[in-house]
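Below: the structure, in structure tokens.
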Number of protein chains: 2
Amino acid sequence: MNSDALLKRPASASPAQKVRVPGKGVDASGKKLKKADITRVRILDAAAHVFRQKGYALTRISDIAKLARTQSSSIYYHFESREAIVEEVLRIANGRTRERVINAIGALPRDASVRDRIGAAIHGHLEIVLAGDHYIAAHIRIFDQLPADLRKRFLRVLDENAELWRTLLNEAQSEGMIRSDLDLSVIRQLLIGMMNWSVEWYRVGRLSPPQIADQIAVLFFDGVTKR
Amino acid sequence: MNSDALLKRPASASPAQKVRVPGKGVDASGKKLKKADITRVRILDAAAHVFRQKGYALTRISDIAKLARTQSSSIYYHFESREAIVEEVLRIANGRTRERVINAIGALPRDASVRDRIGAAIHGHLEIVLAGDHYIAAHIRIFDQLPADLRKRFLRVLDENAELWRTLLNEAQSEGMIRSDLDLSVIRQLLIGMMNWSVEWYRVGRLSPPQIADQIAVLFFDGVTKR
DNA sequence: GTCTATACATCGATAGAC
DNA sequence: GTCTATCGATGTATAGAC
């Protein structure tokens with residue numbers, strides 16, 4: 001359940017990232033990883049795992065170190081600080097979520113209806129949120145636990161994902177698909193709320209994520225009322 | 001924005017609550033409050049405020065003390081520990097929420113339809129959640145930040161409120177009002193998710209809480225699709 | 001009931017040997 | 001790159017005077 005990180009390396013390196021030279025073979029898509037990179041990923045995986053489980057403030061560097069089978073002090077060779085770790089975890093989580101939703105939409109036939117595309121996006125988002133991916137679960141869980149300044153810095157990147165939904169819903173509206181007594185912005189937040197809150201109550205064994213996504217789609221498009 | 005706590009005093013006093021004798025005049029409805037009680041409330045108000053703002057783990061006893069215009073050490077005269085404070089804040093928040101929803105339903109005419117009653121409950125819940133009540137906002141914000149054992153202890157009381165919704169939706173279903181392809185339990189969680197997540201994005205100035213409640217009700221009953 | 005002082009624990013981060 | 005040792009800051013909680 002670990003050992004899979006780096007969606008993309010720090011785009012414009014966070015402020016005080018200890019610069020480690022890429023060497024020769026470390027591309028987003030490349031395969032050659034130096035030892036340091038492997039360790040780095042192991043630390044990130046461990047961090048995501050612990051953040052998800054204990055929340056931000058309760059996560060100790062020593063917890064991460066333990067799970068990553070290394071020493072607290074060794075972590076500081078790979079990351080500048082605890083904040084730098086959490087930043088990277090959030091970055092990766094955001095990237096993965098976005099990527100998944102985009103792919104889900106992209107997998108549809110070119111002439112798919114807006115409704116189908118929104119449906120696909122719901123499935124993509126919900127399934128990755130509930131997939132057990134530590135990065136994403138951690139993201140949702142800890143985001144509002146972050147110190148105010150750190151959170152503020154991330155609102156921008158968070159908004160990139162919101163933009164995606166905004167676009168989808170705008171399209172739906174301009175096709176005349178949406179009731180005119182609804183506020184698009186509120187609707188978007190409600191939909192995202194339903195999906196994200198699901199990590200609070202979802203338990204394996206009952207309905208599967210795709211089944212829950214179906215329920216969300218039904219509720220979102222048609223409501224609970226029998227006709 | 002403060003100075004209003006105690007919905008009811010600790011029903012079965014939390015395990016290690018420092019017992020303070022009620023004296024003569026301290027009832028849930030009574031008015032005579034001893035100095036200690038007033039201070040206690042001031043501390044709770046301050047705590048709710050800070051918990052809401054900074055989350056659980058980031059809230060320091062000293063933050064609470066400062067806002068309550070007292071000393072960290074003085075707080076320990078009124079509460080056994082930081083956990084005891086948070087427990088009381090949660091208890092009060094739960095009670096208020098429940099009370100509000102029950103009242104909202106109770107205010108309806110006797111023969112109101114289930115749909116109306118669910119609508120009233122949505123309004124009641126959402127409005128108190130967004131009302132700016134620090135206790136309730138704090139509750140929603142910090143609940144999943146709590147240490148596992150503390151959280152577990154509270155699941156029971158939390159479930160009392162869920163029970164309320166469960167009942168409402170069951171009634172609706174037995175009246176044949178709800179699509180048969182929907183899972184009642186999931187629907188309930190989605191509805192609660194929409195409402196609770198709203199504290200994450202609600203900002204004063206745009207739509208008012210009653211307006212948002214209307215949007216939620218529309219979405220919940222009929223979906224976004226124009227007919 | 002509230003104050004000052006302080007014990008005691010925890011934890012992030014650094015130093016420096018290997 | 002990882003280890004041991006340790007500093008320094010912070011924060012909960014207690015002791016005891018007033």
Side-chain angles (χ1 to χ4, degrees), chain A residues 14-23 26 33-44 46-47 50-51 54-89 142 145-147 149-150, chain B residues 14-23 26 33-47 50-51 53-89 142 145-147 149-150:
Chain A
S14 22
Q17 186 83 12
K18 183 167 289 180
V19 184
R20 296 173 313 92
V21 279
V26 187
L33 295 179
K34 297 171 61 180
K35 183 181 179 190
D37 291 304
I38 295 173
T39 306
R40 183 188 155 89
V41 170
R42 217 176 57 239
I43 293 171
L44 284 171
V50 182
F51 281 138
K54 310 181 69 163
Y56 174 67
L58 260 44
T59 293
R60 305 292 141 213
I61 291 280
S62 56
D63 297 327
I64 298 173
K66 194 175 178 182
L67 190 59
R69 300 184 308 281
T70 181
Q71 237 66 26
S72 294
S73 55
S74 300
I75 286 184
Y76 288 93
Y77 174 80
H78 299 276
F79 294 92
E80 244 230 336
S81 66
R82 183 155 151 274
E83 280 206 2
I85 298 177
V86 85
E87 275 196 46
E88 188 67 0
V89 168
I142 71 182
Q145 304 178 21
L146 301 177
D149 53 335
L150 185 56
Chain B
S14 22
Q17 187 82 11
K18 183 166 288 179
V19 183
R20 296 173 314 91
V21 278
V26 185
L33 295 179
K34 297 171 60 180
K35 182 180 180 191
D37 291 305
I38 294 174
T39 306
R40 185 187 153 91
V41 170
R42 216 176 56 240
I43 292 170
L44 284 171
D45 284 346
V50 183
F51 281 138
Q53 195 180 8
K54 311 181 68 164
Y56 174 67
L58 260 45
T59 292
R60 305 290 140 212
I61 292 280
S62 56
D63 297 327
I64 298 173
K66 193 174 177 183
L67 190 60
R69 300 184 309 279
T70 181
Q71 238 66 25
S72 294
S73 54
S74 300
I75 287 184
Y76 288 94
Y77 174 80
H78 300 275
F79 294 92
E80 244 230 335
S81 66
R82 185 155 150 271
E83 280 206 3
I85 299 177
V86 83
E87 275 195 47
E88 188 67 1
V89 168
I142 72 183
Q145 303 179 23
L146 301 177
D149 52 335
L150 185 56

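Protein chains get the first letters and strands the later ones, always in sequence-line order, with residue 1 at the start of each.
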> Looking only at heavy atoms, what is the nearest atom pair of A/Arg82 and A/Tyr56, with distance?
Replying inline: NH2-O, 3.2 Å

> Can you name the closest pair of heavy atoms from B/Ala47 and B/Val89 and give their distance?
Replying inline: CB-CG2, 4.2 Å

> Out of D/dT4, D/dT14, C/dT2, which nucleotide sits closest to the side chain of B/Tyr77?
Replying inline: C/dT2

>> Using five pairs at each end of the helix from C/dG1-D/dC18 to C/dC18-D/dG1 to define an axis, what is the angle between those two axes, to 10°?
In response: 0°

>> Please tell me if B/Ser74 has a side-chain N or O lying less than 4.0 Å from either OP1 or OP2 of C/dC3.
In response: yes

>> Can you measure B/Glu80 atom CD to D/dT12 atom P for me and round it to whole angstrom units?
In response: 15 Å

> Tell me, do A/Arg42 and A/Arg69 make a side-chain contact under 4.5 Å, heavy atoms counted?
Replying inline: yes

> Looking at A/Ser72, does any N or O in its side chain come under 4.0 Å of the phosphate oxygens OP1/OP2 on D/dC3?
Replying inline: no

> Nearest-Å distance, CD (B/Gln71) to P (D/dA17)?
Replying inline: 18 Å

Distances for protein N/O vs nucleotides 6-11 of chain C N/O pairs under 3.5 angstrom?
from, atom 1, to, atom 2, distance (Å)
C/dC11, OP1, A/Arg60, NE, 3.1

>> Would you compute the distance between atom OG1 of B/Thr59 and atom CD of B/Gln145 and round it to the nearest 0.5 angstrom?
In response: 8.5 Å

>> Using 0.5 Å steps for rounding, measure from the CG atom of A/Leu44 to the CG atom of A/Asp37.
In response: 10.5 Å

>> Nearest whole Å is fine: how far is D/dT2 P from A/Tyr76 OH?
In response: 15 Å

> CZ of A/Phe79 versus P of D/dG1: gap in Å, rounded?
Replying inline: 13 Å

> Within a strict 4.5 Å, meaning less than it, do heavy atoms of the B/Ile61 and B/Ile85 side chains meet?
Replying inline: yes

> Which atom pair, heavy atoms only, marks the closest approach of B/Ala46 to B/Ile64?
Replying inline: CB-O, 3.7 Å

> Do B/Ser73 side-chain and C/dT2 base share a donor-acceptor contact under 3.5 Å?
Replying inline: no

> Atom CD of B/Gln53 and atom CG of B/Leu67: how far apart are they, to the nearest 0.5 Å?
Replying inline: 8.5 Å

> Are any of the side-chain heavy atoms of A/Ile43 and A/Thr39 separated by less than 4.5 Å?
Replying inline: yes

